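Read the structure below first, then the notes.
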Amino acid sequence: MIKPPWIRSVRRALFAAGATAALAAGLLTATATTSQAATQGPCDIYAAGGTPCVAAHSTTRALYGTYNGPLYQVKRASDDTTKDIGPLTAGGVADAAQQDSFCANTSCVISVIYDQSGKGNKLTQALKGHWPGPAEGGNDNLANAFEAPITVGGHKAYGVYVAPGTGYRNNNTNGIATGDQPEGMYAIFDGTHYNAGCCFDYGNAETTGNDDGNGTMEAIYFGNSTGWGSGSGPGPWIMADLENGLFSGVNRGFNAGDPTINHRFVTAIVKGGPNRWAIRGGNAQSGGLSTFYDGVRPNATGYDPMKKQGAIILGIGGDNSNTGQGTFYEGVMTQGYPSAATEDAVQANITAAGYNSGSTSTGSLTPGSRISLKATTSPCCTTHYLRHNDTDTKVVISGITSSSPATDKADATWIVRAGLANTSCLSFESVDKPGQFLRHANYQLHLNTDSGGSSFAKDATFCPTAGNSGVGTSFQSVNFPTKYIRHYNYTAYVASNGGTKAWDNTRAWAQDTSWLTAAPWS
């Protein structure tokens, strides 16, 4: 029998990728090399498996071995101009230096996430749906471009940090599955950044921005919401948002086979076809995929057949429900139902890419570094460090020593980030509460989750200056330039040198606002 040309090409490509079922056991080792990771991308593997990408989104790397177009666009606050950010080389990692240079001394948001598939399915600001967003006109916020720094293959890159109220969408797509047509999708998420809000999704949704009934969407959900479904353990879980239900298996509600999965980088997969769907997942830094569910559609009315509409969403639910949070690095949607062997090959490509948290130094005021901040006021406080409370959101100082409990040491450790409101300044993320930042509210310092708004970004940005006492460093509030981070009666504030508030007292102000950058306790 003469084999059709597409079969011959698929077999050649699968052989090159090592993605045949017979070689699946050796696949992960075979593809985890720099040369292979550089010459093919996930979408090349999907195409070889007969399920080509119809949407391919990433701010971190090219998803085809030869792709050399724009990955995403940033817009800076100083003049609202935009710049496309592409890969360093064809098929390579994003050129983050372009973003750093363009956004210097101001802030930027991610305004477009381009579709690398050639279908034109780019993601832009989600407009008002059934649920309004916090931006002008009821639209959703755009992601701060600097809030999710990582490295990929040793090169700096930025993910899409979705704070509550942030969302992206495309209601006019090309080639995305509709009705009961089969499709696959994967995404890489930050497994430590999530909440129980609805709904941090990536995938297929309603084109109307409304809840159009059971089965009108099919998207990957990641979080620990238990309102519609849940898996084993405390979460987070990979679930399927099929509208009016987050499904962890065949049943509504709890399904024990869907485990808690919280790797720093998580590969999350949902795929669906006529009366069949599956959830798979794994560690995006190493190892293979596990199948958490593979079977018939949920045993609830309205999900067989499906009535998918073919919009694409990121960070929100199909009706623009926007209280979820998470971080997205890359993801695709396919035409057709991918085989497990194809997905295993994609996972091997992902682990070979070299995702890393990017925190490479300690004890310096360099973005990505882990530090502790030591008070300098003598004699009271020279063994005290800036830390957050465990019982509330307040930020205080307290004595920390080598014999202190591990939780106290973690509370007094910070990850330095480029300033959320001004990249020439700094923000401080909690090391033990990812996604929560040091910020002032009514002049007192708290540890809070980013709300996604510009006011939070300003409240959480501090500009380092020479220590006011001549020792160490002082940290000037970006939106109250006369005020600096100060401890007063063991509580932290932003305070000026004299004023109407008790914490503006001039006594010891210079010492109280001067801090030593120390090696991290945790």
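All of these numbers come straight from a predicted model, not from anything done at the bench. Index from 1, following the sequence.
Applying the side chain to side chain donor-acceptor pair (under 3.5 Å) rule to Asn299 yields the partners Asn251; only residues at least two apart in sequence or on another chain are considered. Annotation: side chain to side chain donor-acceptor pair (under 3.5 Å) contacts of Asp432 (sequence neighbours excluded): His388, Ser430. By the disulfide (SG to SG under 2.5 Å) test, Cys199 pairs with no residue at all, sequence neighbours left out. Judged as a side chain to side chain donor-acceptor pair (under 3.5 Å), and not counting sequence neighbours, the contacts of Thr60 are Ser58, Tyr355. Judged as a side chain to side chain contact (heavy atoms under 4.5 Å, CB included), and not counting sequence neighbours, the contacts of Val93 are Val152, His155, Ala157. Contacts of Asp450 classified as salt bridge (Lys or Arg N to Asp or Glu O under 4.0 Å), with partners at least two apart in sequence or in another chain: none. Remark: Arg252 engages no residue in a salt bridge (Lys or Arg N to Asp or Glu O under 4.0 Å) (not counting sequence neighbours). With sequence neighbours left out, Ser321 forms a side chain to side chain donor-acceptor pair (under 3.5 Å) with Asp319.
Listed by first and then second residue, the ring pair (Phe, Tyr, Trp, His ring centres under 6.0 Å) pairs involving residues 206-243 are Phe189-Phe222 (not counting sequence neighbours). For residues 215-243, the pairs satisfying salt bridge (Lys or Arg N to Asp or Glu O under 4.0 Å) are Glu218-Arg297, Glu218-Lys308, with sequence neighbours left out. The stretch residues 123-149 participates, sequence neighbours left out, in these ring pair (Phe, Tyr, Trp, His ring centres under 6.0 Å) pairs: Phe146-Tyr158. Pairs of residues two or more places apart, or lying in two chains, that qualify as salt bridge (Lys or Arg N to Asp or Glu O under 4.0 Å) and include a residue from residues 257-285 are Asp190-Arg264, Lys271-Glu343, Arg276-Asp294, Arg280-Glu343, Arg280-Asp344.
Ala55 approaches Ser117 most closely through the heavy-atom pair N-OG, 3.8 Å.
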